[in-house]
Amino acid sequence: MNVKSSVKDRQMLEGQYGDAAKLAMSILVRMAEVYGTTELIDVTQAHVDSCALLSDSNLEFAETLLERGGRVSIPTTLNMIPLDLQNWKRLGVPEKFAVKAMRLATAYTDMGCVPTWTCAPYQGYLTPRFGQQIAWGESNAVVYANSVLGARTNRYGDFLDICAAITGRAPKAGLHLKENRKGQLLLRLVDIPPKLQEEESFYVALGHLMGNLVQDKVPVIEGLPVRATDDHLKALGAAAASSGAVALFHAIGVTPEANTLEEALQGSHPERIIDVQSSDLKAAWSDLSTAAEGEKLDVVILGCPHFSFAEFQQLAQAIEDLGGGPRHPTCRMLILTSQTSYSLLQRSDFVDPLTDFGVEIVLDTCMFHTPIIGPETKVVMTNSGKCAYYAPGHLDVQVAFSSLRDCICSAIAGVVCREESLWKVS
Ligand code: F3S
């Protein structure tokens, strides 16, 4: 298959823009063939996920690009890195690992990327606009960008994201094209109690269920509350992108390409209609836990995806409502966040209640990528569908999933406590 290239594409392929651009463009052209397209399009923003240190190849590839003169040509933010750059010694990260992580971070910033170091780039710097063609990595960021912002990206994995950032080009395929953004499956929320719909766990359970049901298709949700906050939609998308490969969903009356059902389906009929009832959501809620009620709890993890300022606010309020804590001496509470949200937190009144409770704030990174959860950790609790989904396999722990309130109560008690009454199905 011959990929049509612009004059500039050809100049890149010939090396006129340097060796790194030549390598990046040759990879993109090959990937366009894999995507089954003969064309590339301009992208005007990138978010790079290859800055995780999954193996030495991440470091080798980044440093190779840099040595060959690699430089991003479009505004490019960076996903979390495998290190809390300020606190890694306190967190007990081995120095050998930290040195590699810092080399990796430096390689990307030296290529001109913005050191945002967050998996929630949509709540910080350089949020893309509706209809903007972008090349983003990190599954939760991709689903949020497509669904909530109405920007257009495929799920770009390592190392297509940085190749797109250097060249400003991406294969013209998948969710870059309007026709591929039409809803395929219709999920109708039926008789869900309004009180349940106000709960953050409702969105996670729905996302987890949706990912399992639709896999990589585009679902349309009918009946989602229009009051859903950015953080609710973030939680929903992150869960759906974990249990399935959801990269775009529409929620009628909530997300920008779904003012009506007809608009979401682009005038066609859904391949399937699925009614979602409270009992389905209760089952999804239960499915996210492997730890038993009353089990000794070692760590509560919040901020997957990274905590926003609004979530810090909710946490501080919930702690106050529950009497201020503190946490049980043997149960840690880790909060993952970005420097951007942390800067706002430091200007707020919430620092003292959180400090008094005994939270540990971890910046720039993720528990699956940096060794901050030791082998002594047996039971983890979280309010994140993504964390609950991956923790048993990645951290070799038992996991309990529930609301923020339950996470706080459990951290105080030092054992898993989950309030099931909301999920009772009559
Ligand atoms: Fe972010 Fe790690 Fe969760 S990258 S979304 S904190 S799994």
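Heavy atoms only: backbone and side chains are in, while hydrogens, waters and symmetry mates are out. Ligands are counted one by one from 1 in listed order, and the atoms in each one are counted from 1 as well.
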Which is it for His369 and ligand 1 at heavy atoms under 4.0 Å: side chain, backbone, both or neither?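 Neither; no heavy atom under 4.0 Å.
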
Under 4.0 Å from ligand 1, counting heavy atoms only, is it the side chain of Phe368, its backbone, both or neither?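 The part of Phe368 near ligand 1 is the side chain, not the backbone.
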
Without hydrogens or angle criteria, can the side chains of His176 and Gln133 be said to hold a donor-acceptor pair below 3.5 Å?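 A donor-acceptor contact under 3.5 Å links the two side chains.
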
Six-ring centre of Trp423, Arg418 cation under 6.0 angstrom, axis tolerance 45°: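 No, Arg418 and Trp423 do not form such a contact.
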
How are the rings of Tyr144 and Tyr122 set relative to one another: parallel (under 30°), tilted (30 to 60°) or perpendicular (over 60°)?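 The rings of Tyr144 and Tyr122 lie parallel, inter-plane angle below 30°.
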
Of the listed options (Cys119, Ala238, Ala52), which comes nearest to atom 1 (Fe) of ligand 1 when hydrogens are ignored and any heavy atom counts?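 Residue with the shortest heavy-atom distance to the ligand atom: Cys119.
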
Locate the shortest heavy-atom distance separating Asn87 from Ile361; write the atom from each residue and the value.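 So the two residues come closest at ND2-O, 4.1 Å.
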
Kindly give the heavy-atom pair with the smallest separation between Arg181 and Val218, and that separation in Å.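 Here Arg181 and Val218 meet closest at O-CG1, 4.0 Å.
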
Residue [X] vicinity, atoms of ligand 1 by number, heavy atom under 4.0 Å:
| X | answer |
| --- | --- |
| Asn140 | 5 (S) |
| Cys366 | 2 (Fe), 4 (S), 6 (S), 7 (S) |
| Met80 | 4 (S) |

Return the closest protein heavy atom for atom 3 (Fe) of ligand 1 as residue, atom name and distance.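 Going atom by atom, the protein heavy atom closest to atom 3 (Fe) of ligand 1 ends up being Cys304 SG, 2.3 Å.
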
Under 2.8 Å from atom 3 (Fe) of ligand 1, is there an N/O/S atom belonging to Cys387?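 No.
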
Do the ring centers of Phe159 and Phe61 come within less than 6.0 Å of each other?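 Centroid distance Phe159-Phe61: below 6.0 Å, so yes.
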
